[in-house]
Amino acid sequence: MAASGRAKQDQQLDGSKLKIAIVHARWNEEIIDALVDGCVKRLLSVGVKKENIVIETVPGSYELPVGAAALASDVSIDAVIAVGCLIKGSTMHFEYISEAVSNKIMDIQFKVGKPIIFGLLTCLTLEQAKARAGLIPGVMHNHGVDWADCAVEMASKYGADFRTATWK
Ligand SMILES: Nc1c(NC[C@H](O)[C@H](O)[C@H](O)CO)[nH]c(=O)[nH]c1=O
Ligand SMILES: CC(=O)[C@@H](O)COP(=O)(O)O
């Protein structure tokens, strides 16, 4: 069972002035649909306008860094949420994609000067993925909600700093 220590909000989130992009993979559609739905509903609930939520897709999670970088290059976008679901198979494919995507998304946000939220589930079983997408009642919350909060907080708190920071 995952740690229950979800980050508590240290400020009232206000997304009313933000434009947020979600780029999601199309593998494991049931999981992705639930994650994106949770993310969008949360963004709307903290004030992001519907017209300021951009949704694009890529074939698989390995393509998320390219999609995220492309969306982040749009000057009007304040943060990108990269959403994918990797489920371990019988080869090392899972490990290579997980590592590459994690490292690259971290790199890109510093290069583009915008928060890119790591919304990639790296699960050993379909059950783990369903739980983290909020699809098993009473087990776990939909992690897409956390990613929405994170995008709004990071864009609000650090967005401008990212663009001008010399430490990139
Ligand atoms: N097995 C999963 C994949 N595999 C596809 C790769 O992400 C990539 O699209 C392909 O290797 C071509 O570059 N993708 C997922 O998102 N989830 C999986 O479980
Ligand atoms: C995450 C993956 O790429 C994985 O689902 C692919 O399965 P396999 O390792 O059996 O080819």
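The basis for the numbers below is simple: all heavy atoms, side chains too, and nothing from hydrogens, waters or symmetry mates. Read the numbers this way: they start at 1 and go in the same order the structure lists the ligands and their atoms. Positions are given from 1, in the same order as the sequence printed here. As the structure is a computational prediction, the values presented were derived from the model and not from experiment.
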A.B. asks: Students should be able to answer this: which protein heavy-atom is nearest to atom 11 (O) of ligand 2, and at what distance?
C.D. replies: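 Checking every protein heavy atom, the shortest distance to atom 11 (O) of ligand 2 gives Thr91 OG1, 3.6 Å.
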A.B. asks: Answer yes or no: is there a side-chain heavy-atom contact under 4.5 Å between Leu13 and Glu153?
C.D. replies: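 In short, these two side chains touch, coming nearer than 4.5 Å.
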A.B. asks: With the threshold set at 4.0 Å, does a side-chain nitrogen-carboxylate oxygen contact exist between Asp149 and Arg6?
C.D. replies: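 Looking at Asp149 and Arg6, the cut-off is not met.
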A.B. asks: Does His93 come within less than 4.0 angstrom of ligand 1, counting non-hydrogen atoms of the residue?
C.D. replies: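 Yes, that is the case, since the closest heavy atom of the residue is under 4.0 Å from the ligand.
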A.B. asks: If we set the cut-off at 4.0 Å for heavy atoms, which region of Tyr62 has an atom near ligand 1: side chain, backbone, both, or neither?
C.D. replies: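 For Tyr62, backbone and side-chain atoms both sit under 4.0 Å from ligand 1.
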A.B. asks: Identify, for atom 12 (C) of ligand 1, the protein heavy atom at the shortest distance, and state residue, atom and that distance.
C.D. replies: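 Heavy-atom neighbour on the protein nearest atom 12 (C) of ligand 1: Glu63 OE2, 3.4 Å.
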A.B. asks: Among all protein non-hydrogen atoms, which one is nearest to atom 3 (O) of ligand 2, and what is the separation to 0.1 Å?
C.D. replies: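 Ranking protein heavy atoms by distance from atom 3 (O) of ligand 2, first comes His93 ND1, 2.6 Å.
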A.B. asks: Answer with yes or no whether Cys85 contacts ligand 1, where contact means a heavy atom under 4.0 Å from a ligand atom.
C.D. replies: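 Yes, Cys85 has a heavy atom closer than 4.0 Å to ligand 1.
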A.B. asks: Would you say Lys88 has more than 12 foreign heavy atoms packed within less than 6.0 Å of its NZ?
C.D. replies: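 Yes, enclosed.
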A.B. asks: Does the side chain of Glu127 reach to within under 4.5 Å of the side chain of Val139, using non-hydrogen atoms?
C.D. replies: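 Side chain of Glu127 against side chain of Val139, heavy atoms only: no contact under 4.5 Å found.
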A.B. asks: Is any side-chain heavy atom of Leu121 closer than 4.5 Å to one of Asn28?
C.D. replies: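 Result no, sub-4.5 Å side-chain heavy-atom pair not found.
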A.B. asks: Side chains of Ile32 and Trp27, heavy atoms from C-beta outward: is any pair under 4.5 Å?
C.D. replies: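 A side-chain contact under 4.5 Å is absent here.
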A.B. asks: Report yes if Ile87 has an N/O atom closer than 3.5 Å to an N/O atom of ligand 2; otherwise report no.
C.D. replies: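 There is such a contact, yes.
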A.B. asks: Tell me, which protein residue and heavy-atom name are nearest atom 10 (O) of ligand 2, and how many Å apart are they?
C.D. replies: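 Going atom by atom, the protein heavy atom closest to atom 10 (O) of ligand 2 ends up being Ser90 N, 2.8 Å.
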A.B. asks: Identify which one of Val66, Val23, Val83 satisfies the side-chain contact (heavy atoms from CB on, under 4.5 Å) criterion when paired with Val58.
C.D. replies: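 Option passing the side-chain contact (heavy atoms from CB on, under 4.5 Å) with Val58: Val23.
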A.B. asks: Which of the numbered atoms in ligand 2 are below 4.0 angstrom from a heavy atom of Phe94?
C.D. replies: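 Result: 1 (C).
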A.B. asks: Would Val152 and Leu43 count as a side-chain contact (heavy atoms from CB on, under 4.5 Å) here? Give the steps.
C.D. replies: CA-CA 8 Å; Val152 171; Leu43 289 172; 3.8 Å; yes
A.B. asks: Got the closest protein heavy atom to atom 16 (O) of ligand 1, with its distance?
C.D. replies: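 Protein heavy atom at minimum distance: Ser61 OG, 2.7 Å.
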A.B. asks: Just which atoms of ligand 1 are under 4.0 Å from any heavy atom in Asn28?
C.D. replies: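 Those atoms are 17 (N), 18 (C), 19 (O).
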A.B. asks: Starting from atom 7 (O) of ligand 2, what is the nearest protein heavy atom, named by residue and atom, and what distance separates them?
C.D. replies: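 Nearest protein contact, heavy atoms only, for atom 7 (O) of ligand 2 is Gly89 CA, 3.6 Å.
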A.B. asks: Which heavy atom of the protein is the closest neighbour of atom 19 (O) of ligand 1, given with residue, atom name and distance?
C.D. replies: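 It is Ile87 N, 3.2 Å.
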A.B. asks: Starting from atom 1 (N) of ligand 1, locate the nearest protein heavy atom and write down its residue, its atom name and how far away it is, to 0.1 Å.
C.D. replies: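 Atom 1 (N) of ligand 1 sits closest to the protein heavy atom Trp27 CZ3, 3.0 Å.
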A.B. asks: Parallel, tilted or perpendicular: which describes the rings of Trp147 and His143, with under 30° parallel and over 60° perpendicular?
C.D. replies: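 Because their plane-to-plane angle is over 60°, the rings of Trp147 and His143 count as perpendicular.
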